[in-house]
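As the structure is a computational prediction, the values presented were derived from the model and not from experiment. Every number for a ligand or one of its atoms is a count from 1 in the order of the listing. For this chain, numbers begin at 1 and follow the sequence in order.
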Amino acid sequence: MFRTIRSVRPPVLASALLVASIALGAAFQVAAADVKSGLKIAFVPKQINNPYEVIADDGGMAAIKEMNGQGKVVGPSDAGASSQVSYINTLITQRQDAIVIAANDANAVVPYLKKAMAQGIKVVAFDSDTAPDGRQVFVNQADAESIGRGQVQLLSKLTGGEGEFAILSATPNATNQNTWIKWMQEELKKPEYAKLKLVKIAYGNDDDQKSFVETQGLLQAYPNLKAIVAPTSVGIAAAARYISTSPAKGKVTVTGLGTPNQMRSFVKNGTVKAFQLWDPGQLGYLAAYAAANLASGKITGKEGDSFDAGKLGKRTVGKNGEVILGPPTTFDASNIDKFNF
Ligand code: RAM
């Protein structure tokens, strides 16, 4: 299994910064969100080679740098249910102060994360949650219900509210996509969507090539398909790439969740009219602040706990240990050039 460490702050530098922070006095400490210096915080993304996850992890590493901690990113190259387990075990052995994980499966990682917590390591899930007993805090990109319902509302606008459509998801286990799809199905029950027909949920496993092939399969199996909704940045980019050079261009709408940088050319060439996302960098940044505050004993993850999240200001833990980043943005030709992530 492939393993990468993209950013490690050497202990010597951390202690130099600690000395510097002591020398600079109280003002410097406050700027570093008043958390402990030198905290070892490891990010475990769903997969290390997914551009979305890279932006999120980079946001996390930037936050850890601001807090004078030692950050690193380790993880699998595939988003399989148990592909993160060996990385968690290694991080426990290394006695990290906190693990920040985008879980590939709600349950497969839980026994190992519980072992980490039993040894005093703080655990934050972000992007894709574990079962509640697998972590202390879940940093959610946006309210899951609004994301799911919002995807159907956008689809309805783009298709005139009628026709067959398919969902191209990530892996069948992904907690985040499954929750959003559940809310999409709820929204579809409303009478105004009676003419929208969900014909299939396909899984591209957040693998570019598999998502590309699944798109081809959907077009072949459903000749009347009007739209593909891919609530995954890997899936939407692969679907758009396939359709942009196929006779389906102009007939089949592609929408979902994607990064503006991956989708820009497909918006410019007319394959994609609109799609949504939040800023993954801010998501990682917020998760790192939550982790550092847990590891500094400033919060425990209970409802009502609040903490300083650097440039994102004060944030509060809600129900079920959830901290929400904020509402997603809808991107289209009119605003896509304002975003660079
Ligand atoms: C993919 C991943 C990630 C999800 C985004 C929208 O990159 O599945 O978990 O949040 O898409």
Side-chain angles (χ1 to χ4, degrees), residues 43-60 73 75-81 83-84 100-106 108-109 124-130 135 138-148 150-151 154 167-184 201-212 214 228-241 254-263 272 274-287 322 324-331 339 341:
F43 270 57
V44 185
K46 278 184 168 180
Q47 52 188 152
I48 50 148
N49 47 357
N50 171 343
Y52 169 99
E53 304 279 332
V54 172
I55 305 168
D57 298 337
D58 286 351
V73 183
S77 55
D78 69 279
S83 59
Q84 294 165 314
V100 180
I101 185 168
N104 279 327
D105 183 276
V109 286
V124 171
F126 83 127
D127 182 50
S128 184
D129 203 3
T130 64
R135 46 66 174 174
F138 171 47
V139 179
N140 199 352
Q141 35 272 66
D143 168 63
E145 177 174 348
S146 319
I147 296 176
Q151 291 277 285
L154 181 59
I167 293 175
L168 175 64
S169 190
T171 64
N173 305 309
T175 333
N176 50 346
Q177 273 87 14
N178 285 347
T179 312
W180 301 331
I181 291 170
K182 192 191 87 194
W183 285 114
M184 287 170 76
I201 302 177
Y203 297 94
N205 290 352
D206 268 353
D207 175 272
D208 174 70
Q209 201 45 41
K210 177 149 171 49
S211 305
F212 191 81
E214 288 292 327
I228 294 178
V229 184
T232 141
S233 61
V234 179
I236 192 176
R241 195 170 82 249
V254 178
T255 188
L257 302 172
T259 67
N261 287 355
Q262 282 181 284
M263 300 308 291
V272 173
F275 63 99
Q276 299 175 315
L277 201 72
W278 42 90
D279 182 338
Q282 289 189 357
L283 179 67
Y285 182 95
L286 181 55
E322 202 170 302
I324 291 183
L325 177 65
T329 302
T330 301
F331 307 100
F339 298 91
F341 57 80

Sub-4.0 Å atoms of ligand 1 with respect to non-hydrogen atoms of Gln141
10 (O)

Counting heavy atoms only, which of Thr232, Ile147, Asn176 comes nearest to atom 4 (C) of ligand 1?
Asn176

Could you tell me, atom by atom, which parts of ligand 1 come under 4.0 Å of a heavy atom of Gln177?
2 (C), 4 (C), 8 (O), 11 (O)

Is it the case that Gln47 and Asp78 place a side-chain donor and acceptor less than 3.5 Å from each other?
no

Donor + acceptor pair across side chains of Thr232, Asp206 (<3.5 Å):
yes

With the side chain counted from C-beta on, respond yes when Phe126 and Leu286 share a heavy-atom pair under 4.5 Å apart, and no when they do not.
no

Distance-minimising heavy-atom pair for Asn205 and Pro172
OD1-CD, 3.5 Å

Within-4.5 Å side-chain heavy-atom neighbours: Gln276 and Thr329:
no

With heavy atoms and a 4.0 Å threshold, my read on which part of Ser233 contacts ligand 1 is both

Considering only protein heavy atoms, which is closest to atom 3 (C) of ligand 1, and at what distance to one decimal place?
Asp127 OD2, 3.3 Å

Does some side-chain heavy atom of Lys46 sit less than 4.5 Å from a side-chain heavy atom of Asn176?
yes

Show the atoms of ligand 1 that are less than 4.0 angstrom away from any heavy atom in Asp206.
1 (C), 2 (C), 8 (O)

Quick one: does Trp180 get within less than 4.0 Å of ligand 1, heavy atoms only?
yes

With heavy-atom distances below 4.0 Å as the criterion, list the atoms of ligand 1 near Asn50.
1 (C), 2 (C), 7 (O)

Can you list the atoms of ligand 1 that are under 4.0 Å from a heavy atom of Trp278?
10 (O)

Just by distance, no angles: are the side chains of Glu214 and Ser211 close enough, under 3.5 Å, to form a donor-acceptor pair?
no

